[in-house]
Amino acid sequence: MLEDKLLTAEEVADHMKVTVAWVHAMARAGEMPSLKLGRYRRFSAKAIEDWLQSRQSAVHHRRRG
């Protein structure tokens, strides 16, 4: 049974309220976790949530610093 859902760039962009082009650019640059499946790029829902949490924590620590 698959516990972690794979998302499209469109689904990630919609969730994050950003453009699909931004999601693709971040993934190509290696800034955002993604999986390359042939010509397709998919995003693990759990990896994206963890990535967002880590970025939010980093910003929070910088502000308190």
Side-chain angles (χ1 to χ4, degrees):
M1 180 181 200
L2 296 176
E3 293 181 20
D4 188 15
K5 183 178 178 182
L6 291 179
L7 306 171
T8 65
E10 291 79 9
E11 290 171 318
V12 173
D14 185 53
H15 176 70
M16 294 176 62
K17 306 299 186 228
V18 298
T19 66
V20 174
W22 185 87
V23 171
H24 281 296
M26 292 293 283
R28 275 193 306 273
E31 296 290 324
M32 176 184 285
S34 67
L35 302 167
K36 192 83 161 99
L37 304 171
R39 66 185 188 114
Y40 301 102
R41 191 174 295 273
R42 294 295 181 258
F43 303 83
S44 157
K46 181 173 180 359
I48 294 297
E49 288 301 321
D50 291 346
W51 179 75
L52 287 170
Q53 278 293 107
S54 71
R55 290 180 62 93
Q56 187 174 21
S57 294
V59 169
H60 180 71
H61 288 299
R62 273 187 263 149
R63 286 184 180 164
R64 297 180 94 204

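When reading the values below, keep in mind they use all heavy atoms of this one structure, side chains included, and skip hydrogens, waters and symmetry mates. Just so you know, residue 1 is the first one in the sequence shown, and it goes up from there.
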Residue pairs, two or more places apart or on separate chains, that pass side chain to side chain donor-acceptor pair (under 3.5 Å) and touch residues 33-47
D4-S44, S34-R41, K46-D50
Looking at residues at least two apart in the chain, or sitting in another chain, which of them share a side-chain contact (heavy atoms from CB on, under 4.5 Å) with A25?
R28
What's the shortest heavy-atom distance between A27 and F43, and which atoms?
CB-CE2, 3.8 Å
Rounded to the nearest 0.5 Å, what's the gap from CE on M32 to CH2 on W51? Could you check?
3.5 Å
Contacts under 3.5 angstrom, residues 6-20 side chains, donor-acceptor by atom type, not counting sequence neighbours:
| unit_1 | atom_1 | unit_2 | atom_2 | d |
| --- | --- | --- | --- | --- |
| T8 | OG1 | E10 | N | 3.4 |
| T8 | OG1 | E10 | OE1 | 3.4 |
| T8 | OG1 | E11 | N | 3.1 |
| T8 | OG1 | E11 | OE1 | 3.4 |
| E11 | OE1 | T8 | N | 2.8 |
| H15 | NE2 | E49 | OE2 | 2.9 |
| K17 | NZ | D14 | O | 3.1 |
| T19 | OG1 | W22 | N | 3.0 |

Same cluster (ILVMFWY, side-chain, under 4.5 Å), M26 and L35:
no
